[in-house]
Asks: 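Okay, handing you the structure first.
Keep in mind that the numbers below use all heavy atoms, side chains included, and drop hydrogens, waters and symmetry copies. Numbering of residues begins at 1 and proceeds along the displayed sequence.
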Amino acid sequence: MAKWFKIGVALGGGGARGLAHLGVLCALEQAKIPIDLLAGTSMGALVGAAYALTPQCYFVAERFARYLESKEFQKTNPDFLREPDQETKPTFTGIFHRFATFIKKGVFYTQSLTRQAPISEEDFIQNINFLLDPVNMETTAIPLAVVALDLKTGEEVVLREGALQKAVSASCAIPGILPPVIMGDKCLVDGGWINRVPVGPLRKMGADLTIAVDVAEGINESLDFDTGLDIVLRTYDITQSSLSQLQLKEADIVIRPSLAGIRWADFHRFEECLKAGEEAAGERLDEIRSLTRRKKMKKALSFRGCLSASRS
C-alpha cells in the first residue's frame, strides 16, 4: 500500500564532500525519520543509490570504507585530481577552479586534447560494481531518481528506471575526467552541471516534505583575478552557485554540513565527512519533526475537505 505522506531527501554533488550525505542519512535513520524517496546528483547519486538498495546506514558506510581502501578506487583517483597543498598554493573553489591549476601545468589540457577522459569507462564501471549491485532502479528498497545532463540537448535528464549502475555512472560522469555515458540517443554527463541538489525530481515523485543536503563549497572572496582564465572560471562558479541557490528554494529544509577545509578530492577524510553529516542533520531533527507534523495535518485536513465536497 502506498504511503499517504512521503518524505524525500535530495543529495547533491561535491566529490569527497558528498560522503557527508551518508552521515545525514544515518542521523535520519537513527531518529526514525522515514526516508520514503531519494534523489541524487553525482556523488549524491552514488550515496543515494547505495542507501536505496540497502537502507542500513552502517552497512553502507562499511561498504564505502572498504571501497575507499580498494585498488579499484586508487586506480581511478590519479594524482592530478587531488587538491594542491593549501599551505603553498592558492585555494580554488568549484570544479573548474580546481582544474585551473592543472591546466596551467599542462596536464589536464594535454589529456583533454588527446582523449575524452583520463579514466576509462571500464575502470569506472569496476568502481560502480564495488558499491552497487547489478539491478534495475525499479527494484531498490527506496524509490530513487538520479540526475544527469544530456550534452546533445543541454537538458536535465531524470533517470528512474533501467540499470542502476549505468544511471549512477551517467550522473557521476565529470566532464573531462570520466567519459560520457551513452543511453539511447542521449550523451549523459554529471548532473551537477544543471541541477546540483535535485529537489524538483523529488516533488515530481510525490514527496510531501523535501529535505535537501547541500555539500558544495561556497564562493571564496579572497581569490585574485590576474588572468582572463581566472575571470572566466570565477564567473562560471558564480553562475553555478546562483542557479543552485535558486533550485534549493524548492526544498522545505536545507541541511549544510560543516565541511570547512575538506576539498573535492579529500576522500581520505571519510570519517570527518560522515561525522559532519550526522551532526548537521542532528541539529535539524526537531525542525524536521515539527514541519512533518504540520504538513501531515494540513494534508489530512485537505483530504477531508475534498472528501466532504465529493459527498455533497
Side-chain angles (χ1 to χ4, degrees), residues 8 10-15 18 37-49 52 94-99 103 108-109 111-122 124-125 128 132 136-138 140 143-207 210 212 214 216 232-233 235-251 264:
L11 308 176
L37 302 167
L38 281 166
T41 292
S42 197
M43 192 62 180
L46 185 58
V47 173
I95 290 175
F96 269 114
H97 270 132
R98 283 184 285 276
F99 287 162
I103 290 172
F108 181 69
Y109 181 71
Q111 291 192 351
S112 296
L113 286 177
T114 58
R115 50 180 170 167
Q116 272 192 335
I119 300 173
S120 71
E121 184 174 357
E122 292 74 17
F124 191 60
I125 286 175
I128 294 293
L132 303 178
N136 282 346
M137 297 185 72
E138 303 94 311
T140 57
L144 170 73
V146 302
V147 173
L149 168 65
D150 186 356
L151 285 179
K152 292 183 179 180
T153 65
E155 296 176 345
E156 175 183 326
V157 176
V158 180
L159 302 169
R160 293 191 56 194
E161 58 185 29
L164 177 65
Q165 293 172 341
K166 190 164 187 177
V168 173
S169 295
S171 186
C172 292
I174 303 170
I177 300 300
L178 295 165
V181 173
I182 306 302
M183 297 182 69
D185 60 349
K186 296 179 174 60
C187 184
L188 303 178
V189 296
D190 191 328
W193 298 84
I194 194 165
N195 193 345
R196 195 157 62 188
V197 188
V199 179
L202 283 179
R203 295 288 188 192
K204 293 180 181 178
M205 292 168 74
T210 55
D214 182 17
V232 170
L233 298 177
T235 55
Y236 174 83
D237 271 355
I238 292 171
T239 300
Q240 281 292 93
S241 178
S242 298
L243 175 61
S244 179
Q245 294 310 309
L246 183 64
Q247 293 167 335
L248 282 170
K249 289 182 179 180
E250 293 186 65
W264 180 77

Asks: For the residue pair Met43 and Gly14, what are the closest heavy atoms and their distance?
Replies: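 Of all heavy-atom pairs spanning Met43 and Gly14, the closest is CB-N, 4.4 Å.
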
Asks: Which value, rounded to the nearest 0.5 Å, describes the distance between Asp214 atom CG and Leu11 atom CG?
Replies: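 Answer for the CG-CG pair, Asp214 versus Leu11, is 11.0 Å.
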
Asks: Calculate, to the nearest 0.5 Å, the distance between atoms CG and CG belonging to Leu151 and Leu188 respectively.
Replies: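 Separation between the atoms: 8.0 Å.
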
Asks: Please report the C-alpha distance between Leu144 and Leu164 in whole Å, then the side-chain angles of each, then the deciding distance to 0.1 Å, and finally whether the side-chain contact (heavy atoms from CB on, under 4.5 Å) criterion is met.
Replies: CA-CA 9 Å; Leu144 170 73; Leu164 177 65; 3.6 Å; yes

Asks: Is there side-chain contact between Val146 and Met137, with at least one heavy-atom pair below 4.5 Å?
Replies: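 The answer is yes, as the side chains (C-beta and beyond) meet within the 4.5 Å cut-off.
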
Asks: Quick one: closest heavy-atom pair of Val47 and Gly18, and the distance?
Replies: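 Where Val47 meets Gly18 most closely, the heavy atoms are CG2-O, 3.9 Å.
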
Asks: Who pairs with Glu161 by side chain to side chain contact (heavy atoms under 4.5 Å, CB included), at least two apart in sequence or on another chain?
Replies: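 For Glu161, the residues satisfying side chain to side chain contact (heavy atoms under 4.5 Å, CB included) (neighbours in sequence not counted) are Glu138.
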
Asks: Once rounded to the nearest 0.5 Å, what's the spacing between atom OG1 of Thr41 and atom CD1 of Ile194?
Replies: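 So the OG1 of Thr41 and the CD1 of Ile194 are separated by 10.0 Å.
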
Asks: Checking the side chain of Arg203 only, and the main-chain atoms of Glu250 only, is there a donor and an acceptor separated by less than 3.5 Å?
Replies: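 Checked: pair present.
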
Asks: If you round to the nearest 0.5 Å, how far is CG of Asn136 from NZ of Lys166?
Replies: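 It comes to 12.0 Å.
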
Asks: Show the nearest heavy-atom pair for residues Glu156 and Pro201, with the distance to one decimal.
Replies: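 It is OE2-CG, 3.8 Å.
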
Asks: Kindly write out the residues that satisfy side chain to side chain contact (heavy atoms under 4.5 Å, CB included) with Ala207, not counting sequence neighbours, or none if the list is empty.
Replies: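 Partners of Ala207 by the side chain to side chain contact (heavy atoms under 4.5 Å, CB included) criterion, ordered by chain and then number, come out as Leu37, Leu202, Thr210.
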
Asks: Closest approach of Ala145 and Val158, non-hydrogen atoms and distance?
Replies: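 Result for this residue pair: CB-CG1, 3.8 Å.
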
Asks: Could you pull out the closest heavy-atom pair between Ala212 and Val197, with the gap in Å?
Replies: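 Scanning both residues, the minimum pair turns out to be CB-CG1, 3.8 Å.
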
Asks: If you apply the rule side-chain contact (heavy atoms from CB on, under 4.5 Å), what do you find for Thr140 with Leu38, and how did you get there?
Replies: CA-CA 10 Å; Thr140 57; Leu38 281 166; over 6 Å; no

Asks: Taking only distance into account, with no hydrogens and no angle test, what donor-acceptor pairs under 3.5 Å do side-chain atoms of residues 168-186 form with protein atoms, sequence neighbours excluded?
Replies:
unit_1: Ser169; atom_1: OG; unit_2: Gln165; atom_2: O; d: 2.8
unit_1: Ser171; atom_1: OG; unit_2: Ser42; atom_2: N; d: 2.8
unit_1: Ser171; atom_1: OG; unit_2: Val147; atom_2: O; d: 2.7

